[in-house]
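Throughout, a chain's letter reflects where its sequence line sits, starting with A, and its residues are numbered from 1. Quantities reported herein were computed from a predicted structural model and do not represent experimental measurements.
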Amino acid sequence: MATLKAVRGTRDLLPPDTALWNHVEATARAVFARYGFGEIRTPIFEETTLFARGVGEETDIVSKEMYTWEDRGRAEGSSGQSLTLRPENTAGVVRAYIEHKMADTGMLQKLFYIGPQFRRERPQRGRYRQFWQIGAEVLGPAWSGSDSALRDAEVLEMLATFLNELGVKGWKLELNSVGSSTDRPRYLEALREALAPVKHLLCEDNQRRAETNPLRVLDSKEPGDQEIINNLPKIADYLDDASKEHFAQVLAALDACGVPYAINPRLVRGLDYYTRTTFEFTVPDGSGLGTQNALLGGGRYDGLSEMLGGPKAPGIGFAIGEDRLILTLQAQAGEATAKKLDAFIAPMGVAQNALALALAQELRRAGLSVEVGDGSFRLKKSFDAADKLARQMIILGEDEAASGVLTVKNFNKGEQTKVARAELVEALRG
RNA sequence: GCGGCUAUAGUUCAGUGGCAGAACGCCGCUCUGUGGCAGCGGAUGUCGUGGGUUCGAACCCCACUAGCCGCCCCA
């Protein structure tokens with residue numbers, strides 16, 4: 001029989017790596033809490049329509065990367081809903097925002113999530129079919145200040161703090177403004193006009209993009225097309241006064257907070273819902289990501305709620321690729337080593353097993369991390385196991401059982417001492 | 001979805017048509033309550049899967065699967 005394996009693009013996360021995952025998630029929770037974010041958990045699958053309308057019918061994600069299936073209908077023979085494993089989480093959060101009438105509180109909502117997302121892409125390092133995102137969204141009615149540039153800057157400053165707290169080295173923030181929902185169509189029109197006469201000079205990929213998604217031509221790396229691209233209209237020239245002022249305010253607030261950034265006029269993002277501020281945090285080559293150097297991305301989505309049939313609720317959010325963040329931390333810090341237990345109890349002989357387990361129970365209740373050996377092991381084997389797993393080893397033989405005084409070996413100091421059972425917890429803590 | 005590279009022991013890898021290998025790790029013994037060193041011994045395994053060529057295939061051919069790299073795209 002063929003051996004069963006995790007399906008393509010999915011993987012198991014095992015100790016000791018999971019400790020790093022927990023550390024990253026705990027750090028995110030701690031940092032986000034300081035900025036007033038609360039956790040939201042949305043379903044892992046939603047109606048397909050949500051993503052089609054929210055993310056955009058024409059995007060690669062929706063047009064070819066979703067895991068979609070037809071659910072069973074209620075009655076025999078009736079067809080069910082089309083459902084989809086979530087390829088991203090912003091649409092789900094906004095759906096929940098609308099469904100639970102959060103707008104009616106009149107308050108700004110600050111929500112974060114941590115969870116798996118699914119996209120059927122060709123797997124690669126830093127790109128999996130089930131991958132984890134840590135994200136956050138700030139949204140609310142306009143009068144809650146949700147469209148304020150202060151929120152953009154706050155989110156970016158929070159991300160800088162988060163990455164610094166984790167010890168990510170060399171990150172770079174790139175940002176741009178893609179304009180409001182009225183600027184963007186005007187710019188797209190101008191872009192199409194400018195591309196029309198020169199389109200035949202572009203490479204095949206860019207010719208296709210010029211048709212389907214002209215913004216994408218801008219971030220093409222095709223060397224032969226750079227001259228044409230450089231002469232295309234700039235989004236900055238098509239921003240109205242309000243959008244320009246908004247972007248200027250974001251930059252001013254980042255300057256005030258000392259968050260370094262680089263403006264990248266070519267930074268466009270693939271999801272249809274982005275408006276005005278868009279951004280990306282990248283890490284340098286050699287950070288374990290190959291060409292997938294984008295650690296996280298995000299932006300403002302002032303019209304998303306309305307696109308989903310909700311009230312006007314401007315917002316800004318981001319998604320961190322947790323898998324990529326972990327790869328970066330591992331590459332920058334070296335291999336993770338398992339944290340050692342406080343003690344290993346080595347019973348000398350099976351006769352001491354029961355007592356050894358009772359001792360382990362006592363120590364564990366006191367909050368110590370403890371492993372128990374088996375009395376049938378030779379002492380040498382116990383030493384080997386103990387040294388790998390724990391900082392200290394407790395020898396429990398006939399003498400110790402009778403006297404109540406235990407032998408404690410400290411591997412770091414190389415010392416061996418006799419400790420009375422009543423003082424054991426204290427001695428092991430030291 | 002497209003192109004390239006790769007797949008052999010737990011791990012890292014060698015092996016280009018003739019007995020399946022090394023290092024590290026693992027287990028045992030020397031050594032029944034004091035390890036890490038050393039000596040000796042042992043097991044490593046469907047050579048990714050399936051087919052084909054051949055007297056004979058880890059090796060050559062085909063298909064499939066998976067991983068990696070690049071493209072597309074994105075976190």
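Among the atoms of the strands shown, base atoms are found under 4.0 Å from some heavy atom of A:Asp399. Nucleic acid contact for A:Arg11: none, since no nucleic acid atom lies under 4.0 Å from a heavy atom of the residue. Within the nucleic acid shown, A:Ile395 comes within 4.0 Å of at least one base atom, counting heavy atoms only. Within the 4.0 angstrom heavy-atom criterion, no nucleotide atom of any strand lies near A:Gln117. Within the 4.0 angstrom heavy-atom criterion, no nucleotide atom of any strand lies near A:Gly375. Counting non-hydrogen atoms under 4.0 angstrom, A:Gly126 reaches a base of the nucleic acid. In this structure, A:Phe411 reaches the bases: a heavy-atom distance under 4.0 Å links it to at least one base atom across the strands shown. Note on A:Ser382: nothing from the nucleic acid sits closer than 4.0 angstrom, heavy atoms only. A:Tyr128 comes within 4.0 angstrom of a base, heavy atoms only. Counting non-hydrogen atoms under 4.0 angstrom, A:Gln416 reaches a base of the nucleic acid. Within the nucleic acid shown, A:Glu400 comes within 4.0 Å of at least one base atom, counting heavy atoms only. Base contact: A:Glu398 has a heavy atom under 4.0 Å from a base atom. The residue A:Gly397 sits close to a base: some heavy atom pair falls under 4.0 Å.
Here A:Glu88 does not pair with A:Arg86 in a salt bridge; the nearest charged N to carboxylate O distance is not below 4.0 Å. For A:Glu154 and A:Lys110, the salt-bridge test passes: some basic side-chain N is under 4.0 Å from an acidic carboxylate O.
Counting to the nearest Å, the P atom of B:U34 and the CZ atom of A:Phe344 are 17 Å from each other. The NZ atom of A:Lys380 sits 11 Å away from the P atom of B:A38 (whole-angstrom rounding). Going from atom CD of A:Gln352 over to atom P of B:U32 covers 19 Å, rounded to whole Å. At whole-Å resolution of the value, NZ in A:Lys172 and P in B:A75 are 18 Å apart. To the nearest angstrom, C1' of B:A66 lies 14 Å from CG of A:Asp12. A:Leu296 places its CG atom 10 Å from the P atom of B:A75, with the value rounded to the nearest Å. The CZ atom of A:Arg119 sits 17 Å away from the P atom of B:G1 (whole-angstrom rounding). In this structure, A:Glu415 places its CD atom 20 Å from P of B:G36, rounding to the nearest Å.
Across the C1' atoms, B:G50 and B:C27 are found 35 Å apart, a figure rounded to whole Å. One C1' atom belongs to B:U65, the other to B:G10, and the distance between them is 23 Å to the nearest Å. Taking atom C1' in both B:G17 and B:C13, one finds a spacing of 22 Å when rounded to whole Å. A distance of about 14 Å separates the P atoms of B:G28 and B:G36, rounded to the whole Å. Look at the C1' atom in both B:U6 and B:A14: the space between them is 16 Å, to the nearest Å. Across B:C40 and B:G45, the matching C1' atoms stand 24 Å from one another, rounded to whole Å. Atom name C1', nucleotides B:C5 and B:G52: the rounded distance is 24 Å, in whole Å. For the C1' atom pair drawn from B:G51 and B:A57, the interatomic distance equals 13 Å after rounding to whole Å.
Searching all strands for a Watson-Crick or G-U wobble partner of B:C5 with both distances below 3.5 Å returns B:G67. As the counterpart of B:U53, no nucleotide is assigned, since no Watson-Crick or G-U wobble pattern has both distances under 3.5 Å. Base pairing annotation: B:A14 forms no Watson-Crick or G-U wobble pair, as no partner gives both donor-acceptor distances under 3.5 Å. Shown here, B:C47 forms no base pair; nothing in the strands shown gives a Watson-Crick or G-U wobble contact with both key distances under 3.5 Å. With a cut-off of 3.5 Å on both Watson-Crick or G-U wobble distances, the partner of B:A38 is given as B:U30.
Side chains of A:Glu46 and A:Thr84: no donor on one and acceptor on the other come within 3.5 Å.
The phosphate of B:G28 has OP1 or OP2 within less than 4.0 Å of a side-chain N or O from A:Lys381. Contact annotation: A:Arg378 does not reach the phosphate of B:G28 (side-chain N/O to OP1 or OP2, under 4.0 Å). Proximity of A:Gln124 to the phosphate of B:G70: a side-chain N or O atom is located under 4.0 Å from OP1 or OP2.
For the pair A:Lys381 and A:Phe377, the cation sits on the ring face: its NZ or CZ lies under 6.0 Å from the ring centre, inside 45° of the axis. The cationic group of A:Arg119 does not satisfy the cation-pi geometry with A:Phe131, failing either the under 6.0 Å distance to the six-membered ring centre or the 45° limit from the ring axis.
Among residues at least two apart or in separate chains, ring pair (Phe, Tyr, Trp, His ring centres under 6.0 Å) pairs with a member in residues 156-195 of chain A are A:Phe32-A:Phe162, A:Trp171-A:Phe281, A:Tyr187-A:Tyr238. Listed by first and then second residue, the ring pair (Phe, Tyr, Trp, His ring centres under 6.0 Å) pairs involving residues 284-305 of chain A are A:Tyr273-A:Tyr301 (not counting sequence neighbours).
Remark: A:Phe247 pairs with no residue by the ring pair (Phe, Tyr, Trp, His ring centres under 6.0 Å) rule, at least two apart or across chains. In terms of the salt bridge (Lys or Arg N to Asp or Glu O under 4.0 Å) criterion, A:Asp147 has no residue partners (sequence neighbours excluded). For A:Lys64, the salt bridge (Lys or Arg N to Asp or Glu O under 4.0 Å) criterion is met by A:Asp60, not counting sequence neighbours.
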* To do: Determine, stepwise, if the pair A:Glu165 / A:Thr161 fulfils side chain to side chain donor-acceptor pair (under 3.5 Å).
  => CA-CA 6 Å; A:Glu165 220 156 280; A:Thr161 297; over 6 Å; no
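A donor-acceptor pair under 3.5 Å is absent between the side-chain atoms of A:Arg391 and the main chain of A:Ala343, judged by distance alone.
Listed candidates were B:G67, B:G33, B:A75. Nearest to the side chain of A:Leu379 is B:G33. With B:A75, B:C72, B:G33 as the choices, the nucleotide that has an atom nearest any side-chain atom of A:Lys64 turns out to be B:C72. If you check B:G36, B:G1, B:A75 against the side chain of A:Phe131, the one that comes closest is B:A75.
Ranked by how close their nearest RNA chain B nucleotide is to the 5' end, A:Lys388 and A:Arg324 are led by A:Lys388. Checking A:Asn410 against A:Arg8, the closest nucleotide of RNA chain B that is more toward the 5' end is the one next to A:Asn410.
Under the stacking criterion of a centre-to-centre distance below 5.5 angstrom and an interplanar angle below 30°, A:Phe383 is not stacked against the six-membered ring of B:G36.
Not a single donor-acceptor contact under 3.5 angstrom links the side-chain atoms of A:Arg127 to the base of B:A75.
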Could you write out each protein N or O paired with an N or O of nucleotides 3-5 of chain B at a distance under 3.5 Å?
| unit_1 | atom_1 | unit_2 | atom_2 | d |
| --- | --- | --- | --- | --- |
| B:G3 | O6 | A:Arg122 | NH2 | 3.0 |

